[in-house]
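Here the structure is laid out as structure tokens; the discussion comes afterwards.
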Amino acid sequence: MTANRLEKVEHLRAGGREPYPVGFQRADLAADVRSRHADLEPGAATGEQVTVAGRIMLHRSFGKLVFATIQDPTGRIQLMATRDELGDGVAEFEDLDVGDTIGAAGEVVTTRKGELSVKVSEFTLLAKGLRPLPEKWHGLTDIETRSRRRYLDLIVNEDSMRVARARARILSALRHEFEARGYVEVETPVLATQAGGALAKPFETHHNALGVDMYMRIATELPLKMLIVGGMDKVFELGRIFRNEGIDATHNPEFTMLESYEAFADYHSIAELTEEVIAAVAMAVLGETTVTYGGRDLDLAPPYRRARMVDLLAERIGIEVWPPPDGLASIAAEHGVEVNSAWSDGKIIEAMFEELVEPTIWDPVFVLDHPVDVSPLARRHRDDDGLTERFELFIAGSEYANAYSELNDPIDQRARFTSQAAARAAGDEEAHMVDEAFLRALEYGMPPTGGLGIGVDRLVMLLTDQHHIRDVILFPTMRPED
RNA sequence: GGGCCUCUAGCUCAAUUGGCAGAGCACCGGGCUUUUAACCCGUUGGUUGUGGGUUCGAGUCCCACGGGGCCCA
């Protein structure tokens with residue numbers, strides 16, 4: 001089939017016609033033509049000349065009369081090529097294939113059946129397609145091909161285009177919300193000699209000229225806090241994060257996170273910021289705060305419920321878990337939660353929460369006050385030394401945001417790092433490394449600060465009703481094809 | 001990492017108990033001046049993911065490997 005199309009290209013060139021010309025000017029978009037001529041009678045002639053361009057999606061020939069439906073970024077419109085108008089040119093129009101990109105000029109008319117059309121007086125082949133498009137009835141459904149050849153998916157699956165465009169609007173709305181609140185967007189290193197700010201395995205690489213091993217960032221937290229030390233009191237970064245972990249419905253090795261830090265804020269004010277931003281983004285993208293996710297309604301309008309992690313867990317299992325009772329590990333085991341004997345009480349509580357409470361959450365909840373040993377960068381709770389001033393926002397069983405009153409006590413931070421380093425030495429590959437550069441910055445004094453991270457891909461999934469992260473990432477990470 | 005499922009024409013899918021690899025769309029040729037997934041007639045198109053094995057005979061059964069999916073860790 002490609003051979004046939006190549007012959008056509010050769011034939012065009014032999015006849016002095018360029019199959020990939022430059023310089024064509026599109027003057028009109030399908031949707032604009034449609035909106036200008038919404039309710040024409042069948043057989044109408046408007047006298048309006050338009051110049052449209054797009055990819056041929058459907059092609060129907062009657063020999064001396066040819067219809068082609070082209071698609072541009074705004075939609076589809078039918079072209080009608082007639083012998084009356086084009087003479088022998090109609091044969092050339094008939095020879096076009098589905099998948100070709102063409103430009104055409106002509107009068108806006110309706111056909112006898114009432115279909116709005118451009119009656120072609122001139123047309124130009126702009127890009128000959130050598131490969132056939134997926135089938136016009138069933139389109140492209142194979143998940144692997146849709147992900148690997150996203151361009152095809154975008155051409156034939158309207159929903160994929162909808163999601164891609166919604167994602168762009170979400171990114172734009174997020175920026176708008178933070179900028180409107182006086183936050184400054186910054187860029188921090190993707191490549192660093194230490195990976196910190198989160199508990200995760202990094203990608204490792206090497207800088208040849210410097211002769212040092214480097215890591216792709218697993219968070220933007222530490223450099224952003226250094227900017228708070230530097231006096232940039234409200235900063236945010238919207239960027240790609242890399243974690244060397246498995247791929248599943250909610251994890252891609254590279255993903256997009258928004259992190260923000262605000263001096264003189266705490267996790268209570270950041271919770272208010274978070275619910276306002278999420279509601280505003282939903283409004284910007286959907287025009288309402290009610291979303292349907294997997295067929296079930298969800299309201300993103302503030303305020304969201306606030307509840308302590310330990311209280312939600314106690315409510316679920318009917319036993320108080322804070323302060324940790326004796327035999328917490330056996331209580332976990334009784335509820336089918338597997339725990340490691342090396343785990344701290346805090347880690348056990350977190351694991352029980354993840355397994356027993358998270359899946360039951362539907363409406364937005366700020367889960368507050370995580371145990372200190374699972375939160376090495378968060379400030380200790382002002383009323384309880386064993387907890388932190390932290391929240392995670394859960395919606396529909398998944399985590400969407402993570403925030404702290406930031407730990408700005410350099411002595412405590414060093415102690416936390418040291419304890420993480422011990423866990424690392426004991427084999428926990430995700431434990432945090434001691435970051436001396438960050439500690440030095442804290443030692444100069446960081447004001448009390450509220451910080452926030454929002455998982456952007458998951459937010460896109462929520463607002464576009466997608467249930468796999470690969471469907472909101474244009475080019476998800478995949479194994480090589482061969 | 002483990003379990004289960006899956007891979008057939010460019011796309012979407014068939015193929016009985018192990019018995020001639022097929023259809024629709026696309027492509028090519030022919031017909032048609034009002035179609036809407038146009039229609040009608042006739043062609044073309046295959047290393048059945050890859051490599052082995054069993055068998056008179058393998059898309060089908062077995063083994064290994066590769067891609068993908070779902071679930072679990």
Side-chain angles (χ1 to χ4, degrees), chain A residues 1-11 30 34 40-45 55-71 75-91 93-100 106-107 109-120 128-158 201 244-252 336-340 351 354-355 359 429-430 467-471 475-482:
Chain A
M1 185 159 311
T2 301
N4 283 331
R5 302 276 183 106
L6 277 171
E7 273 174 38
K8 287 192 182 185
V9 167
E10 292 309 313
H11 186 253
R34 284 189 179 284
L40 291 180
E41 295 295 310
R55 188 185 295 271
I56 299 177
M57 302 304 292
L58 297 167
H59 189 254
R60 304 174 281 279
S61 170
F62 290 81
K64 300 187 187 71
L65 168 70
V66 182
F67 296 99
T69 301
I70 63 166
Q71 175 169 293
R76 293 184 175 194
I77 192 159
Q78 176 169 274
L79 305 182
M80 178 169 64
T82 63
R83 190 174 186 84
D84 301 344
E85 191 73 34
L86 290 173
D88 290 341
V90 77
F93 194 92
E94 188 188 11
D95 204 36
L96 294 168
D97 294 303
V98 169
D100 291 352
E107 183 184 2
V109 301
T110 54
T111 63
R112 280 178 209 166
K113 293 284 171 63
E115 176 81 14
L116 187 71
S117 307
V118 175
K119 191 174 186 189
V120 177
K128 185 70 191 170
L130 297 183
R131 294 176 185 266
L133 249 34
E135 200 230 341
K136 62 189 173 188
W137 299 7
H138 307 91
L140 183 65
T141 59
D142 180 70
I143 289 171
E144 182 177 359
T145 311
R146 287 181 52 206
S147 304
R148 287 191 195 279
R149 302 189 215 167
R150 185 64 82 192
Y151 47 91
L152 277 185
D153 187 36
L154 292 167
I155 290 167
V156 303
N157 292 321
E158 207 179 343
K201 275 182 74 173
N244 204 340
E245 293 161 5
I247 298 174
D248 65 24
T250 53
H251 296 86
N252 195 65
V337 178
E338 269 189 59
V339 299
N340 185 312
E354 282 175 10
E355 282 194 47
E429 285 181 308
E430 295 189 350
H467 298 85
H468 203 295
I469 194 169
R470 64 160 174 254
D471 296 325
F475 297 99
T477 304
M478 298 189 82
R479 281 201 170 87
E481 225 169 332
D482 35 48

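Numbered from 1 within each chain, the chains take letters A, B, ... in sequence-line order. Since the model is a prediction, treat every value here as computed from it, not as a measurement.
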Leu6(A) CG to G10(B) P, straight-line distance once rounded to whole Å: 15 Å
In whole angstrom, what separates Ile155(A)'s CD1 from A26(B)'s P? 17 Å
C13(B), U34(B), C27(B): which one has an atom nearest the side-chain heavy atoms of Thr141(A)? C13(B)
Any sub-3.5 Å donor-acceptor pair from Asn252(A)'s side-chain atoms to Thr477(A)'s backbone N or O? yes
With a 4.0 Å cut-off on heavy atoms, is Asp142(A) in touch with a base, just the backbone sugar-phosphate, or nothing at all? sugar-phosphate
Paired nucleotide for G1(B) [Watson-Crick or G-U wobble; both distances under 3.5 Å]: C72(B)
Partner set under side chain to side chain contact (heavy atoms under 4.5 Å, CB included) for Glu107(A), not counting sequence neighbours: Ala45(A), Thr46(A), Gln49(A), Val109(A)
With rounding to the closest Å, how many angstrom separate the P atoms on U8(B) and U47(B)? 12 Å
Determine the interatomic distance between C1' on G19(B) and the same-named atom on G57(B); round to the nearest Å. 7 Å
In whole Å, what is the span from the CG atom of Asp97(A) to the P atom of C11(B)? 17 Å
Kindly point out which of C27(B), C25(B), U36(B) is positioned nearest to the side chain of Arg5(A)? C27(B)
Please give me the minimum heavy-atom distance between Ile56(A) and Leu133(A), naming the atom from each residue. O-CD2, 4.1 Å
With a non-hydrogen cut-off below 4.0 angstrom, is Lys8(A) in contact with a base, only sugar-phosphate, or nothing? sugar-phosphate
For Val66(A) and Ser61(A), work out which heavy atoms get closest and say how close. CG2-OG, 3.9 Å
Taken in chain and number order and not counting sequence neighbours, the residues that satisfy salt bridge (charged side-chain N to carboxylate O under 4.0 Å, His left out) with Asp97(A) are Arg5(A), Lys8(A), Lys128(A)
Assign Arg76(A) to base, sugar-phosphate, or nothing according to its heavy-atom contacts below 4.0 angstrom with the strands shown. nothing
What pair of heavy atoms forms the shortest contact from Thr110(A) to Ala44(A), and how long is it? OG1-N, 2.7 Å
My understanding is that only residues two or more places apart in sequence, or in another chain, count here; which of them pass ring pair (Phe, Tyr, Trp, His ring centres under 6.0 Å) with His11(A)? none
May I have the distance from Leu130(A) (atom CG) to C11(B) (atom C1'), rounded to whole angstrom? 17 Å
Distance-only, no hydrogens or angles: does the Asn157(A) side chain make a donor-acceptor pair with backbone N or O of Leu140(A) under 3.5 Å? yes
Nearest of C28(B), U12(B), U36(B) to any side-chain atom of Thr111(A)? U36(B)
Return the polar atom pairs (N/O with N/O) between nucleotides 38-48 of chain B and the protein under 3.5 Å, or none.
{"unit_1": "A38(B)", "atom_1": "OP1", "unit_2": "Lys136(A)", "atom_2": "NZ", "d": "2.5"}
{"unit_1": "A38(B)", "atom_1": "OP2", "unit_2": "Arg60(A)", "atom_2": "NH1", "d": "2.6"}
{"unit_1": "A38(B)", "atom_1": "N6", "unit_2": "Ser61(A)", "atom_2": "O", "d": "2.9"}

Rounded to whole angstrom, note down the P distance from C5(B) over to U48(B). 23 Å
Hydrogens and angles aside, do Asp248(A) and His251(A) bring a side-chain donor and acceptor to less than 3.5 Å of each other? yes
Residues at least two apart in sequence or cross-chain that pass side-chain hydrogen bond (donor to acceptor under 3.5 Å, both in side chains) with Asp142(A), listed by chain then number, are Thr145(A)
Closest-nucleotide mapping onto RNA chain B: is Thr145(A) or Gln78(A) further toward the 5' terminus? I mean the 5' end. Thr145(A)
Rounded to whole Å, how long is the line connecting atom CZ of Arg149(A) with atom P of G10(B)? 10 Å
Whether the side chain of Arg55(A) engages the backbone of Gly99(A) through a donor-acceptor N/O pair (distance < 3.5 Å, no angle test) should be reported. yes
Which whole number of Å gives the distance between the C1' atom of G29(B) and that of U43(B)? 7 Å
Between G18(B) and C62(B), how many Å separate the two C1' atoms, rounded to a whole number? 13 Å
Quick check: on RNA chain B, is the nucleotide nearest Glu338(A) upstream (toward 5') of the one nearest Ser117(A), or the reverse? Name the residue that is more 5'. Ser117(A)
Rounded distance in Å - CZ (Phe93(A)) to P (U33(B)): 17 Å
Mind checking the C1' distance from U33(B) to G42(B)? Whole angstroms is fine. 24 Å
Interface polar pairs with nucleotides 69-72 of chain B, N/O, under 3.5 angstrom:
{"unit_1": "G69(B)", "atom_1": "OP1", "unit_2": "Arg470(A)", "atom_2": "NH1", "d": "3.0"}
{"unit_1": "C70(B)", "atom_1": "OP1", "unit_2": "Arg470(A)", "atom_2": "NH2", "d": "3.3"}

Please determine, for the side chain of Asn4(A), which listed nucleotide (C32(B), U12(B), C28(B)) has the closest atom? C28(B)
So, the side chain of Gln78(A) versus the backbone of Phe67(A): is there a donor-acceptor pair under 3.5 Å, distance only? no
Looking at every strand, decide which applies to Gly43(A) at a 4.0 Å heavy-atom threshold: base, sugar-phosphate, or nothing. nothing
Sticking with atom C1', work out how far G2(B) lies from G10(B), rounded to a whole angstrom. 36 Å
Nearest-Å distance, NE2 (His138(A)) to P (A26(B))? 13 Å
Expressed as a whole number of Å, how far does the P atom of G49(B) sit from that of C39(B)? 31 Å
Atom CG of Leu140(A) to atom C1' of C13(B): distance rounded to whole Å? 14 Å
By the 4.0 Å heavy-atom rule, please label Arg479(A) as base, sugar-phosphate, or nothing. sugar-phosphate
